Visitor: 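Just passing along the structure, written as structure tokens.
Side-chain atoms are counted along with the backbone in the values below, which use heavy atoms only and exclude waters and symmetry mates. Note that this is a predicted model, so its numbers are computed, not measured.
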Amino acid sequence: MNKLVFLATATLILLSPGLIIPQALASHVDGYAFPLNRAISPSSATVVGLTPTQIRQFYGFNLLPCSFSGTFGSSTLCGNGQTIGIVDAFFDPNIQSDLNTFDTQFGLPDCNTSNGCFTVATPQGIQHTDRGWALEVSLDVEWAHAIAPGAKILLVESKTNSFANLFGAVDYASARANQVSMSWGGSEFSSEASNDFHFQVTGVTFFASSGDGGHGLIYPSASPFVVSVGGTTLNIDRFGNLVSETAWSGSGGGISAFESEPSYQTNYPIPSTGGLRGNPDVSYDADPASGVAVFDSLGDQGFKDWIQVGGTSAGSPQWAALGAIVNAGRTSKTAYSTNFRDITSGTNGSCGSVCTAGTNYDFVTGLGSPLANAIVPSLQKA
């Protein structure tokens with residue numbers, strides 16, 4: 001079974017471009033979810049933010065035997081034979097042209113409908129374009145392709161940002177993809193577990209951001225059937241070298257109010273949660289100050305063309321891409337302690353140990369960020 005088996009499946013939440021939205025405002029209101037990406041560069045005709053080459057180097061993807069350049073369809077490309085499902089809301093009319101610009105800039109294989117690499121699905125019909133969600137689409141699609149250029153990308157755009165429509169889009173994606181990334185969510189609610197069945201699909205792993213409001217959980221990343229992706233800060237010197245990686249203050253995390261602790265968390269081991277689900281599971285670069293380069297020609301609130309974007313939204317599609325690389329080979333369980341960069345400093349609030357990163361698993365960054373050159377071959381062993 002081609003499935004990433006070392007964690008449960010996941011979801012993610014994002015902020016409107018350039019806005020710092022308090023966690024309380026990103027709540028479950030009338031069954032709607034919100035994008036929470038964070039952009040910090042208003043408009044640029046040239047690249048701003050970390051490039052695919054830098055991110056691959058910082059996380060060890062460059063040490064993998066697969067390739068990040070060539071022609072789509074080549075068996076040597078990272079993620080070949082896999083499909084990554086990206087679920088977002090509303091319609092982005094420019095995503096193909098934006099992806100083309102991104103690919104050309106960074107020497108990535110062409111990814112389009114003609115060669116079968118990229119598919120846009122609107123199974124609920126097209127309503128309208130929302131520029132905040134369009135930035136999220138650009139971030140998700142471009143960076144999934146940057147990390148796993150051999151994988152097909154299926155972008156499923158729900159008609160609106162209601163949970164009902166988004167979960168319908170998730171169902172559509174999970175019937176056609178091996179990994180599904182979700183960059184949206186809202187505060188936890190008492191009946192949330194009744195939606196968990198959407199993430200229990202054989203052979204599919206779901207990824208999501210843990211939230212951008214600091215301490216506290218969001219749904220669906222709180223589901224024990226998703227891989228919840230928290231946030232870090234990449235500290236880079238003036239020469240472009242990675243100095244350290246610390247917890248990002250905006251990383252969502254903590255202990256769920258409603259979801260039970262999944263059995264896999266006992267393998268971490270996780271600090272006592274009273275039998276409730278701890279969040280996040282893993283982490284990735286999310287601080288806007290160490291944000292990634294995104295091309296979005298629609299723009300919103302002064303953010304247009306090349307934009308430096310952060311938020312835990314950046315981590316979910318890249319973890320899904322890592323899953324595609326793993327699933328392109330054989331999988332097995334992983335040794336957590338040797339396959340993750342343990343994030344041991346930084347906080348996401350002032351609630352004591354639950355808000356503080358530390359040795360091994362913590363409620364700010366989970367197990368840590370991936371060491372791709374270690375975790376991928378470990379998961380591919382028989």
Side-chain angles (χ1 to χ4, degrees), residues 9-17 19-38 85-92 121-125 127-141 155-174 180-199 206-213 216-223 225-231 250 252-253 256-259 279-280 286 300 309 311-317 320:
T9 42
T11 317
L12 122 87
I13 202 173
L14 318 169
L15 286 168
S16 294
L19 300 181
I20 305 299
I21 299 180
Q23 190 72 15
L25 296 184
S27 61
H28 177 71
V29 179
D30 297 329
Y32 288 84
F34 302 90
L36 304 177
N37 50 62
R38 308 243 184 141
I86 302 291
V87 176
D88 283 311
F90 301 108
F91 180 64
D92 182 353
T122 55
Q124 300 158 2
Q127 181 153 332
H128 65 269
T129 296
D130 179 280
R131 291 174 181 265
W133 279 93
L135 175 58
E136 186 55 47
V137 169
S138 292
L139 170 62
D140 293 351
V141 170
L155 170 63
V156 185
E157 296 174 315
S158 64
K159 188 173 183 179
T160 73
N161 61 325
S162 71
F163 274 117
N165 281 340
L166 283 164
F167 290 151
V170 168
D171 294 342
Y172 184 94
S174 65
V180 175
S181 174
M182 300 167 287
S183 300
W184 38 266
S187 295
E188 285 198 280
F189 51 100
S190 60
S191 61
E192 65 186 39
S194 65
N195 297 297
D196 285 347
F197 73 92
H198 292 287
F199 317 119
F206 299 82
F207 297 84
S209 303
S210 68
D212 291 354
L217 272 66
I218 59 174
Y219 189 82
S221 73
S223 170
F225 301 101
V226 306
V227 180
S228 175
V229 183
S256 173
F258 307 109
E259 298 277 9
N279 241 35
D300 184 40
V309 183
T312 51
S313 56
S316 181

Visitor: Could you walk me through whether T312 and D212 pass the side chain to side chain contact (heavy atoms under 4.5 Å, CB included) check?
Guide: CA-CA 6 Å; T312 51; D212 291 354; 2.6 Å; yes
Visitor: Can you name the side chain to side chain contact (heavy atoms under 4.5 Å, CB included) partners of N165, sequence neighbours left out?
Guide: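 With sequence neighbours excluded, N165 shows a side chain to side chain contact (heavy atoms under 4.5 Å, CB included) to Q124, S158, K159, T160, S162, given in chain and number order.
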Visitor: Check whether the side chains of S183 and S316 place a donor and an acceptor atom closer than 3.5 Å, and report yes or no.
Guide: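 On atom types as modelled, these side chains do not qualify, holding no pair under 3.5 Å.
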Visitor: For a quick test of reading the model, state the closest non-hydrogen atom pair linking E259 to A193 and the distance between them.
Guide: OE2-CA, 3.7 Å
Visitor: Could you state the interatomic distance from CG (L155) to CG (D88), rounded to the nearest 0.5 Å?
Guide: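 CG of D88 is found 6.5 Å from CG of L155.
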Visitor: Could you please spell out the steps behind the side chain to side chain contact (heavy atoms under 4.5 Å, CB included) verdict for F189 and N195?
Guide: CA-CA 11 Å; F189 51 100; N195 297 297; 3.6 Å; yes
Visitor: Can you see which heavy atom on A33 is nearest to which on W133, and at what distance?
Guide: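 Of all heavy-atom pairs spanning A33 and W133, the closest is O-CZ2, 3.7 Å.
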Visitor: Output all residues satisfying side chain to side chain contact (heavy atoms under 4.5 Å, CB included) with S194, sequence neighbours left out; order by chain, then residue number.
Guide: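 S191.
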Visitor: Just checking F91 against H128, ring centres under 6.0 Å apart?
Guide: no
Visitor: Side chains of L135 and D300: does their closest heavy-atom pair fall under 4.5 Å?
Guide: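 No. Closest side-chain heavy atoms not under 4.5 Å.
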Visitor: Do the side chains of F197 and F167 get nearer than 4.5 Å, heavy atoms only?
Guide: no
Visitor: If you define the side chain from C-beta out and look only at heavy atoms, does anything of S256 sit under 4.5 Å from N279?
Guide: no
Visitor: Run the side chain to side chain contact (heavy atoms under 4.5 Å, CB included) check on E136 and F34 step by step: do they pass?
Guide: CA-CA 10 Å; E136 186 55 47; F34 302 90; over 6 Å; no
Visitor: Step by step, would you call T129 with D92 a side chain to side chain contact (heavy atoms under 4.5 Å, CB included)?
Guide: CA-CA 6 Å; T129 296; D92 182 353; 5.6 Å; no
Visitor: Please report the closest heavy-atom contact between G252 and P280, naming both atoms and the distance.
Guide: O-CD, 3.8 Å
Visitor: What is the minimum heavy-atom distance between F163 and P220, and which atoms define it?
Guide: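 That would be CE2-CD, 4.4 Å.
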Visitor: Taking all non-hydrogen atoms of both residues, which atom of S228 and which atom of S221 are closest, and how far apart?
Guide: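 Closest approach of S228 to S221: CB-O, 3.5 Å.
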Visitor: Once rounded to the nearest 0.5 Å, what's the spacing between atom CE of M182 and atom NE2 of H198?
Guide: 10.5 Å
Visitor: Which atoms form the tightest heavy-atom contact between L166 and N161, and what is the distance?
Guide: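 Minimum heavy-atom contact is CD1-O, 3.6 Å.
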Visitor: Drop me the distance from S181's OG to F207's CZ, to the nearest 0.5 angstrom.
Guide: 8.5 Å
Visitor: Mind checking what makes side chain to side chain donor-acceptor pair (under 3.5 Å) contact with D196, not counting sequence neighbours?
Guide: Y219, S223
